[in-house]
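Below is one structure, written out as structure tokens, with a few remarks after it.
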Amino acid sequence: MKKTMALCSTLSSFADPSAAPRDIFWWNSAIMACFRNGDVEKAHKMFDEMPHRNLVSWNCMVTGYVQNRRILDAQRVFDSMPKRNVVSWTALMTGYLRVGRVEDARNLFERIPERNVVCWNSLISGYVNNGRIGDARKLFDEMPKRNSSSWSSMISAYIREKHLDEAVRLFNQSPFRSTSLYNALLSSYVELGCIKEAEDLFSKMETRDAISFNSMLTCYSRAGKMELAKQLFDEMPVKDVVSWTAIVRGYLQNGNVAQAFALFDEMPIRDLMSWNTMMSGFIQNGMLDEACNLFDEMPERDIVSWNTILQGYISKNDILSARRWFESMPKRSETSWNALISGCQSEDALALFCEMVRAGFKPNQGTFVAVLSVCASLVSIVCGIMVHVRVLRTGYEHDTCVMCSLITMYSQCGLVDDSVRVFDRMLKRDTIAWNAMISAYAYHGLATEVLRLYESMIQSGFHPDHVTFLNLLLACSHKGLIDEGCRCFQSMQEEWGIVPKAEHYSCVVDLLGRSGFIEQAYRFTQKVPEKLQKNAWETLLSACRVHGNLELGELTARRVLGGENSDGGLYVQLSNIYAAKGKWGEASNVRALMEEHGLKKEIGCSWIEVKGKVLSFVSNDHKHRDHQVDQMCRELDQISFMPE
DNA sequence: TGAAGGTGCC
């Protein structure tokens, strides 16, 4: 608040130089204002021009350069300072920490003549931001005196790392327990879906503000407990726009669009956020037309409103309309580009990425995640590496999300060693990062590595989730590690309390079926909760085909064929089982039945990257004449007949 | 009096 007022008076005296005397305060504030606007050169010029400088003026220069990531300039100013105080040291140290020069920061810290609580806090948060929570904790324990900032940075660091046990332990020891810290802990429980813990904490709070209530609203909404959410909402002493929006969002996420819209209508105050929430709720529920109507009715629109409709077209997979909408937008943001890039899973996405950069937009986390996922699905390593270079150049090399996308991209392009290199260099790892690496190994069938990495994940104190176990099961299944796989499936439920999804059941069926234990797989599938059986039966059918088990194949086919979602592939599998047994009549009957249902099997397609171009081909494909298809076939023949 | 360094939620 103070800063804002100072800035306002500074700006108004810029407009009218006679309004305020140009004393040293004026100069110092003006310099900071320039730095805050990113106008580094102007700040520098003013510093040169000012008639008198004091220690604060010099500190402003160090801070300003640090804020604009110009560390060398900050260092130069620091070195030429006539006098320094602890603020000067702290400012430069923060600069080092911001660009990841943690050891330099530590050395500087050791040299500070008179340390105060702020410079201790700066180094602690610097360690935290560089993923070195252990070092942060050591420093925290060594501190001669701690203030509320010290406690809150340490506790929120544990919260952000999802080390909630440690966060709570410290929180209980802390002499400062502000509502905002309570709220941080509360929202973290909410994010992790720990309803019981959130409820307990909420009931213990001495004072609750709108944020506390709103977090609890979100908590109940996410858990699908809309009655409890509505009850809390009705009890709230003061409802703000966020509360109204939270309850509307809750109904939307739980598919109750009518109730959401009714409440939206009742809202006493609607700002843009509520309109945008309602609109994106329509889109989440597949109601693009309704969203468009709302868009037309809105009193004013911002870039989020435009992006929401764009996202609507993309989630309908209508890339053409998305593209047209994108062209018609009065303004675009990085989010608009990201949405469009993630929408087209083809080479067009890579062209768009280049176009975005040329148009002067800075790729951000979402951009890299989207474009790397396209590189991965196109198995385009040349583009993948180009994007990786840009990641490094734009300072995203320590972004956990982007690193996960790189791990996946390298793995899907066949370079699992590069995935490992990225994973090893990560400063901060979360469950998703461990999952990405485990999945990279699983994708390459490296079951031993998968199990080893899982062990170290647990030892590092991370909680596995349903994705972790899916990968463990996949890896075990591919390597025929039946005992390990079954143990995983058991531990998932008993040790970690994770309820298996349809994919997990299918994996177990695959695990048993692949190794020829068809009857066990059949008995297992019968015990799968009925709603989740469909995929398991399909997996079983495929195992019956591989092992030529006609009897169980027929039994299984009866469970899946003719159902709502049965596709051509299933008929083909059954037909192949008959064909393998020489039962040509039955085989062609099944094919006929399939045609009767108007089904076709989609043609399988493969692709390869040659000199940076992705070429796709199907079986018996002769369209790549210009790529010397005859020579390729001769080469393949030679390889196939080579003695082993 | 005011300008410089650290922390914080839906």
Side-chain angles (χ1 to χ4, degrees), chain A residues 2-3 5-10 13 20-21 23-33 35-36 50 53-67 74 77-78 81 84-95 97-98 108-109 112 115-129 136 139-140 143 146-157 159-160 174 176 178-191 198 205 208-219 221-222 236 239-247 249-250 273 277:
Chain A
K2 266 186 197 166
K3 259 185 192 163
M5 281 167 64
L7 184 66
C8 288
S9 79
T10 308
S13 50
D23 59 7
I24 198 150
F25 290 106
W26 183 91
W27 284 97
N28 290 345
S29 325
I31 287 175
M32 280 320 290
F35 274 125
R36 262 181 233 119
M50 66 194 291
R53 296 171 193 145
N54 62 6
L55 179 56
V56 176
S57 326
W58 287 90
N59 284 343
C60 286
M61 289 307 287
V62 179
T63 308
Y65 277 128
V66 163
Q67 281 171 359
V77 173
F78 181 84
M81 283 175 84
R84 295 175 193 131
N85 65 1
V86 64
V87 177
S88 338
W89 288 87
T90 309
L92 184 63
M93 187 177 76
T94 309
L97 291 166
R98 289 226 179 125
L108 209 64
F109 176 77
I112 301 179
R115 293 180 200 152
N116 64 5
V117 68
V118 176
C119 69
W120 282 85
N121 288 347
S122 306
L123 187 55
I124 289 180
S125 70
Y127 272 135
V128 168
N129 292 334
L139 207 64
F140 177 82
M143 274 180 93
R146 307 182 186 107
N147 65 8
S148 71
S149 265
S150 334
W151 284 94
S152 102
S153 12
M154 203 58 237
I155 295 170
S156 54
I159 294 179
R160 260 182 293 159
S174 167
F176 309 95
S178 60
T179 309
S180 70
L181 207 51
Y182 261 110
N183 285 342
L185 204 55
L186 184 65
S187 74
S188 178
Y189 278 136
V190 173
E191 202 189 315
M205 286 177 75
R208 302 177 188 127
D209 58 12
I211 295 177
S212 337
F213 274 99
N214 295 343
S215 292
M216 271 321 280
L217 273 185
T218 311
C219 178
S221 303
R222 284 209 194 143
M236 278 180 76
K239 303 175 181 72
D240 60 12
V241 194
V242 183
S243 332
W244 279 93
T245 312
I247 189 92
R249 188 185 296 125
M273 180 176 65
T277 301

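Reckoned from all heavy atoms, side chains included, excluding hydrogens, waters and symmetry mates.
A close approach under 4.0 Å does not occur between any side-chain nitrogen or oxygen of A/Thr94 and OP1 or OP2 of B/dG5. Contact between the side-chain N/O atoms of A/Arg36 and the OP1/OP2 oxygens of B/dA4 is found at a separation under 4.0 Å. Within the structure, every side-chain polar atom (N or O) of A/Arg249 is placed at least 4.0 Å from both OP1 and OP2 of B/dC10. In this model, the phosphate group of B/dA4 is not approached by any side-chain N or O of A/Gln67 to a distance below 4.0 Å at OP1 or OP2.
Atom-to-atom distance recorded for A/Arg249:CZ and A/Thr218:OG1 is 7.0 Å, nearest 0.5 angstrom.
A donor N or O paired with an acceptor N or O is not found under 3.5 Å between the base of B/dA3 and the side-chain atoms of A/Asn59. The base of B/dG5 is paired with the side chain of A/Asn116 by a donor and an acceptor separated by under 3.5 Å. At a cut-off of 3.5 angstrom, counting only N and O atoms as typed in the model, there is a donor on one side and an acceptor on the other between the side-chain of A/Asn147 and the base of B/dG6. A donor N or O paired with an acceptor N or O is found under 3.5 Å between the base of B/dG2 and the side-chain atoms of A/Asp23.
Across the protein-nucleic acid pair, A/Phe25 atom CZ and B/dA4 atom C1' stand 12 Å apart, rounded to whole Å. For the pair A/Met154 CE and B/dT7 P, the interatomic distance rounds to 14 Å; values are reported in whole Å. Rounded to whole Å, atom P of B/dC9 lies 13 Å from atom CD1 of A/Ile155. Nucleotide B/dC10 holds its P atom 13 Å from the CG atom of A/Asp240, rounded to whole Å.
Looking at A/Asn121 and A/Asn147, their side chains do bring a donor and an acceptor atom within 3.5 Å of each other. Checking A/Ser88 against A/Asn85 by side-chain atom types alone, a donor-acceptor pair falls below 3.5 Å.
For A/Arg98, taking side-chain heavy atoms from C-beta onward, the closest of the listed nucleotides B/dG6, B/dG5, B/dA4 is B/dG6. Among B/dC9, B/dA3, B/dG5, the nucleotide with an atom closest to any side-chain atom of A/Thr90 is B/dG5. Looking at the side chain of A/Ser153, the nearest of the listed nucleotides B/dA3, B/dG6, B/dT7 is B/dT7. Out of B/dG6, B/dA4, B/dG8, the shortest distance to the side chain of A/Ser180 is found at B/dG8. Across B/dG5, B/dG6, B/dA3, the shortest atom-to-atom separation from the side chain of A/Ser149 is found for B/dG6. Taking every side-chain heavy atom of A/Ser152 into account, B/dG8 is the closest of B/dG6, B/dA3, B/dG8. The side chain of A/Thr63 lies closest to B/dA4, out of B/dC10, B/dA4, B/dA3. Comparing atom distances between the A/Asn85 side chain and each of B/dA4, B/dG5, B/dC9 picks out B/dA4 as nearest.
By the side-chain contact (heavy atoms from CB on, under 4.5 Å) test, A/Arg115 is found to be paired with A/Phe109, A/Glu110, A/Ile112, A/Cys119, A/Trp120, residues two or more places apart in sequence or in another chain being considered. Under the ring pair (Phe, Tyr, Trp, His ring centres under 6.0 Å) criterion, A/Tyr127 pairs with no residue at all, not counting sequence neighbours.
Base engagement by A/Val86 is indicated by at least one non-hydrogen atom pair under 4.0 Å involving a base atom. Nucleic acid contact class of A/Asp209 (heavy atoms, under 4.0 Å, all strands): none. Counting any heavy atom pair closer than 4.0 Å across all strands shown, A/Ser122 reaches sugar-phosphate atoms only and no base atom. At the heavy-atom level, A/Ser215 lies under 4.0 Å from the strands shown only through sugar-phosphate atoms. Residue A/Ser156 is classed as a sugar-phosphate contact, given heavy-atom separations below 4.0 Å to backbone atoms only. Using a 4.0 Å heavy-atom criterion, one finds that A/Leu181 contacts no nucleic acid atom at all. Using a 4.0 Å heavy-atom criterion, one finds that A/Arg160 contacts the sugar-phosphate atoms exclusively.
Using a 4.5 Å heavy-atom threshold, the side chains of A/Val118 and A/Val86 count as separate.
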